[in-house]
Asker: 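One structure is given below, represented as structure tokens, and several questions about it will come after.
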Amino acid sequence: MAYILSAAGSSNPVLTVKVAGSSDTGLAVPFLQDVTINNSQDIFTWTQLNVAGKLNVPTTSTNSLDSTVVVDLEAFFGDYTTAATEPTITVGSGPGETPAGTVYYNSTSGTWFTATLGATPWVETSALLVPVEKQGLLNASKNKVKVEFDINVGDPLVDGKNISGEGYVTGLSPTVSADSPVWTTPLTITVDGDYTVA
Amino acid sequence: MRTELLTALQGLTKATLGTFTVVTDLPWESDGTPLYVKNLKRIYVDSEDSDLDPIIDTLDGFGFAHEVVSLTVNYACDAKTLPSNFNTLNDAVQNLRLDFRNEGWQQRRVNKTTELDADIIVVSQEFTFERIVNN
């Protein structure tokens, strides 16, 4: 038997969220205050005349990951530029050039664009494919982006485990009060299917 | 904050200070008597006390704490013949709390108490500064 440590350093849970099926780096959700990994079985219940107690059998489970986080501006709202018209840019890594992968949101057309090397600097990208670290958790929720999440329980380099799966970001409700120095929000990832434990 | 408060006290006008002077020494005691009672009309600033209480902690070691810093300004003079600028000086010292707007202090309070020790009136103005700091 062994305790599962969670102290800040190598053992603290790190929740990483990225677009499902992508090769994005993903967003390491900062400032987690608490994490709950839910696995709730639906139960089918019936009675029989020859048995005093009710009979139960599990059917499918409802899985979700719940957390409370301190709202980080970039993690919550994303890292992109909003403009009514397409900005004039040169894509590259030189001084004054826009790095490839930079995201821009056209507020006039309500569409997303990614800076790409080549003849067309801005290439339209579906909201479902804009990296979570670029569009932010709020947009990932609003745009109903299917995400892939991963969280470590304990130190993964020693004896910890990784729990991963796919699902949807939901349950965001940023809150602040006169007594609170910062905004906090619950965060739920409703899991599509089952967890993978590795 | 002691340095900042001393600087602010030294910045008071001559008309406000009158015959009072600001001393940079700590108000240590000599034969059980604080220096500000031995040396009348000398304004002393005590060393500061500070407190950090956690408010929000996060799993990745980030968080916020509530910082409270308090320090006291002491001075005394003859109670039989109060200097003409006595009340003006008291108000000016009390209002120094408003000088510290840009250091992130969310609360800047002063509690003023006066005490008569034989024929000497001792004024103590306790400054308390509070703010939120992050880890």
Side-chain angles (χ1 to χ4, degrees), chain A residues 3-17 26-37 65-76 133 137 149-157 160-163 174-189, chain B residues 1-8 45-73 91 93-113 125-135:
Chain A
Y3 297 109
I4 303 175
L5 299 176
S6 65
S10 55
S11 304
N12 61 290
V14 176
L15 173 64
T16 306
V17 180
L27 170 70
V29 180
F31 315 143
L32 295 177
Q33 288 191 277
D34 56 66
V35 179
T36 305
I37 301 169
L65 185 148
D66 295 319
S67 178
T68 308
V69 300
V70 176
V71 177
D72 172 76
L73 206 61
E74 206 168 280
F76 192 79
E133 62 268 32
L137 291 169
F149 68 89
D150 178 279
I151 188 164
N152 61 294
V153 180
D155 189 340
L157 297 178
K161 298 288 184 187
N162 271 87
I163 299 178
T175 308
V176 77
S177 68
D179 299 328
S180 172
V182 292
W183 287 80
T184 60
T185 178
L187 165 68
T188 298
I189 298 178
Chain B
M1 283 307 295
R2 184 172 184 271
T3 307
E4 289 88 338
L5 191 52
L6 273 169
T7 305
V45 179
D46 205 345
S47 59
E48 61 189 57
D49 294 323
S50 68
D51 216 5
L52 267 179
D53 285 320
I55 300 177
I56 288 182
D57 290 319
T58 63
L59 292 165
D60 51 4
F62 179 75
F64 289 93
H66 181 219
E67 182 182 19
V68 179
V69 171
S70 56
L71 63 174
T72 307
V73 174
D91 291 343
V93 172
Q94 201 163 20
N95 288 334
L96 284 178
R97 69 180 184 93
L98 299 173
D99 279 14
F100 305 101
R101 292 179 195 275
N102 298 325
E103 289 86 357
W105 300 109
Q106 288 149 322
Q107 284 279 348
R108 302 176 295 271
R109 301 194 304 274
V110 176
N111 287 329
K112 180 172 85 74
T113 54
Q125 303 224 32
E126 185 183 3
F127 287 76
T128 305
F129 301 95
E130 298 183 29
R131 66 184 172 187
I132 305 295
V133 295
N134 58 355
N135 293 339

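Everything numeric here is computed off the predicted structure, so don't read it as measured data. Throughout, protein chains are lettered first and strands after them, A, B, ... in sequence-line order, and every chain is numbered starting at 1.
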Asker: Give the minimum heavy-atom separation between F64(B) and V70(A), together with the two atoms involved.
Answerer: CE1-CG1, 4.5 Å
Asker: With side chain to side chain contact (heavy atoms under 4.5 Å, CB included) as the test, pick out the partner of L59(B) among V69(A), L32(A), L15(A), V14(A).
Answerer: L32(A)
Asker: Only pairs of heavy atoms separated by less than 4.5 Å count here; which of D60(B), I132(B), N134(B), D57(B) has the most with chain A?
Answerer: D60(B)
Asker: Rounded at 0.5 Å granularity, tell me how far CD1 in I56(B) sits from OG in S180(A).
Answerer: 4.5 Å
Asker: Are more than 12 heavy atoms from other residues, nucleotides or ligands located less than 6.0 Å from atom NZ of K112(B)?
Answerer: yes
